[in-house]
Every structure is written in C-alpha cells, then in structure tokens.
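Down below is the structure, laid out as structure tokens.
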2 protein chains.
Amino acid sequence: MEVYKGEKKRSFLENHSIAHLFSFPIEAFMEVHEYQRDEWIINEGMRPDFLFYVMEGKAKIYVTHQNGKVSLINFINANDYIGEMELLNDVYYTKGIQASTKTICFAIPFHRYRPQLLDDAKFLRELTKFLSVKATLMAAKYSQSLAFPLENRLADFILQTADEGIYKEKHVTVCDYLGVSYRHLLHVLTQFCDKNYLQKDGRNYQIKQYHSLCELAGVLKNK
Amino acid sequence: MEVYKGEKKRSFLENHSIAHLFSFPIEAFMEVHEYQRDEWIINEGMRPDFLFYVMEGKAKIYVTHQNGKVSLINFINANDYIGEMELLNDVYYTKGIQASTKTICFAIPFHRYRPQLLDDAKFLRELTKFLSVKATLMAAKYSQSLAFPLENRLADFILQTADEGIYKEKHVTVCDYLGVSYRHLLHVLTQFCDKNYLQKDGRNYQIKQYHSLCELAGVLKNK
DNA sequence: AGAATAATATGAGATATCTCATGTTTTGAG
DNA sequence: CTCAAAACATGAGATATCTCATATTATTCT
C-alpha cells in the first residue's frame with residue numbers, strides 16, 4: 001500500500017476532486033491510498049480507521065465462516081464507499097476487502113471527520129442511496145440463491161461478466177461468489193458446453209447461444 | 001386499512017410523537033394508518049405513495065419469483081421504515097409488505113415531503129443506520145444460506161424466535177423465510193426431535209437441549 | 001530454471017434438498 | 001354448524017450439490 005505524498009498527492013487531488021460529495025472542506029486530512037492487486041485494503045475482523053471512497057480500481061468483499069467456507073459477498077467498483085459500516089455502527093463485524101486490480105481510494109480519517117460527516121445532508125443523502133442499492137442487491141441475491149439452482153444464477157453471472165462474448169472469470173472466484181463447490185460449478189459449466197450454450201476455448205468460454213442463457217437468467221428477474 | 005381521523009388521530013399523535021426523527025415539522029400532512037393482520041401494507045410491484053414508520057406491530061417483506069417460489073425476505077418490527085427504497089430510488093421493484101399482527105404506522109406522503117426529507121441530516125442519519133443494518137443483515141443471511149445447511153440456520157432461527165423455551169412458528173412461513181421446501185423443513189425438525197433437541201407437543205416444539213441448538217447455531221456467527 | 005503454490009480438471013460416492021402424491025387436521029367465512 | 005381453504009404430515013423417488021481423492025497445468029517466487 002502506498003500513501004500519496006507531496007506533489008503526487010497534490011496533483012492527484014487536483015485531477016480527482018470529490019469535494020462535490022460533501023458540503024464542507026474535506027481535503028485537509030484526507031489521504032490518497034493506492035493498493036496493488038491482491039492486497040488487502042481492510043483485513044477481516046479489523047476495524048479500519050478510514051472511510052474510503054474508491055476512485056479507481058476494483059475490489060472484493062470477503063467473509064470467512066467458521067466452517068472454513070469463504071463467501072465473496074460482493075464486488076466493489078469505482079465510486080463505491082468502503083468502511084461506511086464502521087463509520088455508522090460502533091459494533092460491526094468487519095469484512096475483508098481485497099483489491100482485485102490496482103485500486104486508488106480517498107481515505108477519510110474517522111477521528112477527524114466523523115461528526116461532520118454524520119451531520120452533512122449532502123454526504124448522507126448519497127450514502128443512503130448507496131446503502132439502499134447495496135441492501136436491495138443483497139436481498140435479491142439472497143432470495144435468488146434460495147429460489148433458483150446454479151444453472152440460472154450462473155447464466156446470469158456469465159452474461160453480466162462476459163466481455164465481447166467471452167466468459168473468462170476464474171472458477172475459484174466464481175465458486176466463492178455464487179456459493180457453490182468448485183466441482184459443481186465445473187459440472188454445470190460442462191452441461192452448458194454439452195448443450196452448446198458455451199464453447200470451451202482453452203481457459204475461456206465463448207458464448208454460442210445468447211438466447212438460451214438469457215432465458216435461464218431471465219427467470220431470476222421480477223418484471 | 002384504517003386512516004385515523006379527527007380525535008382518534010389527534011390523540012394518537014399526542015401519545016406517539018416521531019418529531020424527534022426530523023428537524024422540521026412533519027405532522028401537518030402525516031397520516032396514521034392501521035392495518036389488520038394479513039392485510040397488505042404495500043402490494044408487490046406497486047410503488048407506495050408514503051414513507052411509513054412502524055409505530056406498533058409486525059410485518060413481513062415478500063417477493064414472488066417467476067418460478068412461483070415466494071421468499072420471505074425479512075421481518076419488519078416497530079421503529080422500522082417501510083417504503084424508504086422508493087423514497088430514495090426512482091427505479092425499484094417494490095416488494096410486498098404484509099402485516100402479521102395489527103400494525104400502526106405513520107405515513108408520510110412523498111409528494112409533500114420528499115425534498116425536505118432528503119435534505120434533513122437528522123432524518124438521513126437515522127435512515128442511513130437503518131439501511132446499513134439492513135444491508136449487513138442481508139449480506140449475513142445471504143452468505144450463511146450458501147455456506148451452511150438448513151440444520152444450522154434452523155437452529156439459529158428456533159433460538160431467535162422461541163418464547164419461553166417453546167418454538168411455535170408456522171411451518172409455511174419458515175419455509176419461505178429459510179428458503180427450503182416444506183418437506184425438508186419437516187424432515188430436519190423431525191431429526192431434531194429424534195436427537196432430542198426438541199420435543200414435539202401438539203403444534204409446538206419444546207426446546208430440550210439448548211446447548212445442542214446453540215452449538216449448531218453458533219457456527220453461523222463469525223467471532 | 002526449478003520448486004512451490006494456485007488454479008484447473010475429472011471421477012465416484014454421499015447427502016441435502018426438492019418434487020409430487022396423498023391424507024389428515026385446523027381455521028375462517030358465511 | 002358447515003364447507004372450503006390453509007396448514008400439517010408423511011412416503012418415495014429424483015436431483016442439485018457436496019466431499020474427497022487424485023492429476024494435470026499455470027503462476028509465482030527464488
């Protein structure tokens with residue numbers, strides 16, 4: 001992890017302002033942090049000291065269960081907050097956050113700004129929207145995971161993540177995200193190939209029948 | 001559904017103020033609604049016109065999937081908001097909300113108060129906390145549902161809902177909530193009885209071995 | 001380059017959970 | 001009180017998903 005200093009910090013701030021998110025000046029004690037791929041932005045179980053706002057990059061939220069299973073709860077992208085749960089709640093089990101690409105965030109120290117943040121309608125309004133989307137998404141994932149087999153959820157995931165007709169997510173990551181065993185994921189993927197929805201090409205899968213996948217994914221959506 | 005009027009409304013407002021939740025006067029256009037058990041406070045798919053604040057009673061959030069399965073996403077209790085998603089998001093699939101006991105809510109009309117609500121730090125701060133808890137809870141339920149079999153989740157649910165050592169939830173409701181089939185729920189319940197964790201007594205189940213259930217439920221929790 | 005580690009693959013048997021079928025009991029509306 | 005609907009109950013067979021064991025590549029580190 002690198003904390004931007006001096007000129008590097010100054011120029012970054014100049015080119016990437018988040019002043020519009022607050023109704024008070026926040027730059028004085030704000031830091032800029034850069035994380036490398038696979039680096040942990042927050043360690044599971046350890047309360048962070050900052051509210052982060054992701055400027056650039058991608059990350060993943062993980063939680064480890066007592067039985068050793070790991071859940072990839074969600075992905076984090078640019079313009080998302082990290083650490084907002086700890087800002088708001090004194091008691092909270094902190095999830096682990098791992099960068100999946102180089103990630104640059106603004107880091108706003110709690111001890112300097114908490115009171116002002118919690119009193120700033122502009123900031124709170126955006127955070128509220130962010131949380132409402134997060135809650136909705138979680139509720140959707142939750143109910144879908146119980147109501148539909150992997151076949152449907154995987155089809156949806158493939159369509160969401162495929163780039164130019166090519167699906168190439170790491171199986172291990174997908175298992176944690178969709179909450180199924182590696183074995184079963186491969187099994188369903190093989191079925192998709194057998195049915196010619198996908199065609200395996202080395203480590204990638206090429207989408208051959210969009211409409212079939214859409215059909216499978218479609219039943220997840222209400223309306 | 002009954003909308004309190006005149007003296008009934010006045011006296012209710014007098015005894016149950018929520019003025020402390022806002023930094024501006026809200027009573028002018030606020031209504032008081034009373035719903036009977038099983039009545040729908042919000043119909044699935046239909047945007048409500050009010051932000052509700054539950055004063056008294058209990059309700060359930062439901063969503064119906066295309067395959068006909070119904071998920072009971074969560075329970076709502078006193079001091080919870082309803083309709084906050086619609087207040088914040090212009091596009092949102094509205095879930096159904098059904099009263100499970102007589103429920104009295106304050107109903108704040110969007111068209112009168114939306115701008116002021118979205119600009120009120122006091123209100124937003126509380127709503128933000130409410131949503132953060134909701135999102136956290138959903139994330140927990142989601143990851144648990146994928147990481148643990150019914151046995152563990154049911155043990156947790158029994159401990160949470162049992163009253164004086166007696167568990168007496170309706171099976172049908174529990175199936176929707178835990179996302180399993182009726183058949184399977186009964187099967188695991190029977191196992192619990194076979195192992196003498198529970199003892200069936202008519203339609204109720206008496207907890208016989210707290211520690212065994214605690215142990216099963218315990219593995220859900222991190223730390 | 002070589003060794004260690006992570007990711008991919010596949011088989012086979014176990015189990016958690018579902019579907020369907022059917023019957024009984026309870027509850028609520030008229 | 002009566003009837004229909006809802007909830008409870010149970011059996012049996014299907015299937016979605018898991019665990020474990022074992023190989024085979026890729027990647028990363030030194």
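Side chains included, hydrogens not; waters and symmetry mates left out as well; all remaining heavy atoms used. In what follows, every chain begins at residue 1, and chains take the letters A, B, ... in the order their sequences are listed. In this text the structure is predicted, and so the values were computed from the model without any measurement.
Positionally, the nearest nucleotide of DNA chain D for B:Glu169 lies more toward the 5' end than for the other of B:Glu169 and A:Phe148.
Ring planes of B:Tyr177 and B:Phe75: tilted class, angle from 30 to 60°.
Between B:Lys168 atom NZ and C:dT26 atom P there is a gap of 16 Å when expressed in whole angstrom units. Computed from coordinates, the A:Lys200 NZ to C:dA7 P distance equals 16 Å when rounded to whole Å. A:Gln144 has its CD atom 18 Å from the P atom of D:dA16, to the nearest Å. Rounded to whole Å, the distance from CG on A:Asn204 to P on D:dA26 is 12 Å.
For B:Asp163 and B:Lys168, the salt-bridge test fails: no basic side-chain N is under 4.0 Å from an acidic carboxylate O.
Contact detail for B:Phe106 and B:His16: the closest heavy-atom pair is CZ-O, 2.9 Å. Nearest approach of A:Glu151 to A:Phe192, heavy atoms of both residues: O-CZ, 3.5 Å.
Between the axis at the start and the axis at the end of the helix from C:dA1-D:dT30 to C:dG30-D:dC1 there is an angle of 70°, using five pairs per end and rounding to 10 degrees.
In this structure, B:Arg203 does not reach the D:dA6 phosphate: none of its side-chain N or O atoms is under 4.0 Å from OP1 or OP2.
A heavy atom closer than 4.0 Å to some atom of DNA chain D occurs in B:Lys170, B:His171, B:Val172, B:Tyr182, B:Arg183, B:Leu186, these being the qualifying members of residues 170-192 of chain B.
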